[in-house]
Trainee: 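Below are the structure tokens for one structure; questions will follow.
Note that ligands are numbered from 1 as they come in the structure, with each ligand's atoms numbered from 1 the same way. What you are looking at is a predicted structure, and each value in this text was computed from that prediction instead of being measured.
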Amino acid sequence: MFQGSTIEISSEALQANLAFIGKVLGKAQLCSVVKGNAYGHGINVFTPMAAQLGVTRFAVYSASEAWQLHGRLPAGCELFIMGDVDGSALEWAVEQGISFSVFDNARLEHAIAAGRRTGKKALAHLEVETGMHRTGFEMEFFGEVLQRCKTDADAIEVAGICTHLAGAENRSNAERVLGQKVRFREALAMAGKTGSGPGMRHAACSAVSLNEPDMLYDMARIGILQYGFWPNRETQERYSEQHGMVEDPLRRVIRWWSRVMSVSTLPAGGFVGYGATFNAEAGTRIATIPMGYAYGYARSLSNAGPVLIRGQLAPVRGIVNMNCITVDVTGIEGVEKGDEAVLIGAQGERSISVASFGDLSDQLNYELLTRLPHDIPRVVVEKHI
Ligand SMILES: *Cc1c(COP(=O)(O)O)cnc(C)c1O
């Protein structure tokens with residue numbers, strides 16, 4: 001059945017990425033970050049696939065994501081909620097043995113109460129504020145927090161002590177990152193003194209794992225890298241240079257494709273689509289693809305694109321519509337209705353990276369991936385063609 005577009009995720013690509021990540025992490029354990037619908041790859045499809053390849057720890061952002069995964073993973077897999085878990089969701093997490101971050105007193109109290117009521121210890125990762133200024137206990141109160149966990153050890157277990165570093169993907173932030181490192185070490189020393197925890201110590205995301213290996217500790221929370229993307233170009237260049245790497249070890253797990261719905265000819269001087277953003281200088285062959293901004297194909301790709309058809313680049317002409325795009329196939333021999341059109345990933349010798357989807361801002365991969373609509377079918381394939 002034709003469904004507008006399909007997202008294929010490749011187990012072979014993930015396996016290659018996990019092998020590379022294993023080398024980067026050394027003795028530190030991998031915690032696979034599957035928030036944001038597994039960065040658009042489909043949480044319900046990606047996560048079991050990763051578990052099958054041996055990943056046992058997964059981090060989500062919210063309790064609702066943990067809820068989606070709960071019961072779908074093999075026995076022995078652990079879930080960690082990094083952000084949003086409050087109210088009855090917190091009680092549920094405690095009952096299910098799902099760990100979560102604790103970054104303020106309200107949640108600390110709630111966790112202890114829930115642990116006491118359910119008779120199961122709340123598994124808390126104490127988050128320290130080291131410089132991100134998002135969430136986390138301020139250092140000056142952290143001693144009390146540790147002490148409290150010790151006093152109420154029947155109801156709460158310090159499963160981990162963690163922080164999140166801001167800006168480790170750019171050398172220009174070195175000073176801020178260094179300050180964060182120093183504060184995290186202080187927090188760990190405090191835990192040592194109190195005799196509370198530390199459980200798993202973790203501070204590294206993808207960029208930190210690559211750029212600041214002294215921050216790997218016991219576990220790293222890896223998102224973007226496992227999907228086959230570098231956090232940004234600077235990190236890729238720096239790591240490749242330091243390790244004498246010539247080839248990119250990462251493989252894109254995702255491949256997103258649609259099909260040509262119709263082909264037509266635009267006469268010289270004609271306009272395509274709404275407005276007058278593309279005026280053909282000469283006769284132009286236009287292929288229409290049922291893929292628009294309603295399906296995650298950004299409007300910013302208007303008069304840009306491109307997509308791949310018959311192994312060649314076909315640029316978007318005119319603006320991206322709600323439900324379709326028009327692409328230029330003038331130079332591509334024999335394009336016809338039904339031809340595959342690749343939006344992200346490889347076809348033949350060429351490929352479209354998510355980044356080439358627009359200007360190469362650092363956060364672009366993250367944003368475009370996570371905005372891929374949830375209702376596009378995700379299909380597991382062993383290998384991308
Ligand atoms: C998203 C997130 C990560 C993963 O970041 P990547 O750059 O994708 O590796 C790690 N830790 C926290 C707290 C996060 O929110």
Side-chain angles (χ1 to χ4, degrees), residues 14 17-18 20-22 24-25 28-41 43 46-47 50 55 57-66 78-85 99-104 107 124-137 159-170 173 177 180-181 184 187 200-213 215-236 238-239 250 252-254 354-355 361-372:
L14 177 59
N17 299 340
L18 291 174
F20 173 65
I21 291 165
V24 173
L25 299 193
Q29 294 199 32
L30 165 67
C31 180
S32 159
V33 178
V34 294
K35 66 187 180 189
N37 200 25
Y39 291 47
H41 291 62
I43 189 170
F46 178 86
T47 314
V55 178
R57 293 171 188 277
F58 295 95
V60 292
Y61 191 76
S62 67
S64 67
E65 292 167 327
E78 288 180 23
L79 281 174
F80 165 45
I81 303 170
M82 299 189 292
D84 182 14
V85 51
S99 66
F100 50 87
S101 64
V102 172
F103 44 66
D104 64 13
R107 189 174 287 179
H125 293 254
L126 303 179
E127 187 189 346
V128 213
E129 169 49 56
T130 56
M132 177 84 166
H133 300 294
R134 200 164 71 171
T135 46
F137 286 110
I161 293 184
C162 58
T163 194
H164 191 40
L165 299 199
E169 58 279 351
N170 294 110
N173 296 322
V177 170
Q180 290 201 261
K181 285 186 183 185
F184 190 58
M200 301 289 269
R201 300 164 301 168
H202 52 107
C205 57
S206 296
V208 173
S209 302
L210 296 162
N211 294 332
E212 314 286 340
M215 292 304 279
L216 283 168
Y217 292 101
D218 303 314
M219 179 173 105
R221 307 176 304 260
I222 302 290
I224 198 83
L225 210 52
Q226 65 181 337
Y227 304 105
F229 298 89
W230 294 89
N232 64 348
R233 182 151 297 162
E234 182 183 321
T235 299
Q236 175 177 12
R238 194 191 326 182
Y239 190 87
L250 297 178
R252 300 286 151 84
V253 172
I254 201 169
V354 186
S361 85
D362 282 354
Q363 294 303 314
L364 207 78
N365 284 338
Y366 293 81
E367 184 177 343
L368 284 167
L369 287 169
T370 51
R371 273 169 44 179
L372 290 175

Trainee: Do any heavy atoms of Arg134 fall under 4.0 Å from ligand 1?
Mentor: yes

Trainee: Is it the case that ligand 1 has an N or O less than 3.5 angstrom from some N or O of Ile224?
Mentor: yes

Trainee: Give me the residue, atom name and distance of the protein heavy atom closest to atom 7 (O) of ligand 1.
Mentor: Tyr366 OH, 2.8 Å

Trainee: Answer yes or no: does an N/O atom from Gly223 fall short of 3.5 Å to an N/O atom of ligand 1?
Mentor: yes

Trainee: I'd like to know if the side chain of Ser32 and the backbone of Gly223 have a donor-acceptor N/O pair within less than 3.5 Å.
Mentor: no

Trainee: In terms of residue, atom name and distance, what is the protein heavy atom nearest to atom 12 (C) of ligand 1?
Mentor: His164 CE1, 3.4 Å

Trainee: Taking both backbone and side-chain atoms of Tyr61, is any N or O found less than 3.5 Å from an N or O belonging to ligand 1?
Mentor: no

Trainee: Are the side chain of Glu127 and the backbone of Glu129 linked by a donor-acceptor contact shorter than 3.5 Å?
Mentor: no

Trainee: Give the residue and atom name of whichever protein heavy atom lies nearest to atom 9 (O) of ligand 1, and the separation in Å to one decimal.
Mentor: Ser206 OG, 2.6 Å

Trainee: Tell me if a side-chain donor or acceptor on Asp218 pairs with a main-chain N or O of Arg201 at a distance below 3.5 Å.
Mentor: yes

Trainee: Verify whether one side chain among Gln180 and Thr163 offers a donor that lies under 3.5 Å from an acceptor in the other.
Mentor: no

Trainee: When you look at Tyr61 and Val33, which way does the side-chain contact (heavy atoms from CB on, under 4.5 Å) test go after all the steps?
Mentor: CA-CA 9 Å; Tyr61 191 76; Val33 178; over 6 Å; no

Trainee: Between Thr135 and Asp104, is a side-chain contact (heavy atoms from CB on, under 4.5 Å) present by the stated rule, with each step listed?
Mentor: CA-CA 8 Å; Thr135 46; Asp104 64 13; over 6 Å; no

Trainee: From the options Glu127, Arg221, Lys35, select the one whose nearest heavy atom is closest to atom 2 (C) of ligand 1.
Mentor: Lys35

Trainee: Is it true that a side-chain atom of Glu169 and a backbone atom of Thr235 form a donor plus acceptor pair closer than 3.5 Å?
Mentor: no

Trainee: Counting each atom of ligand 1 from 1 as listed, which ones have a heavy atom of Tyr39 under 4.0 Å away?
Mentor: 1 (C), 4 (C), 5 (O), 6 (P), 8 (O)

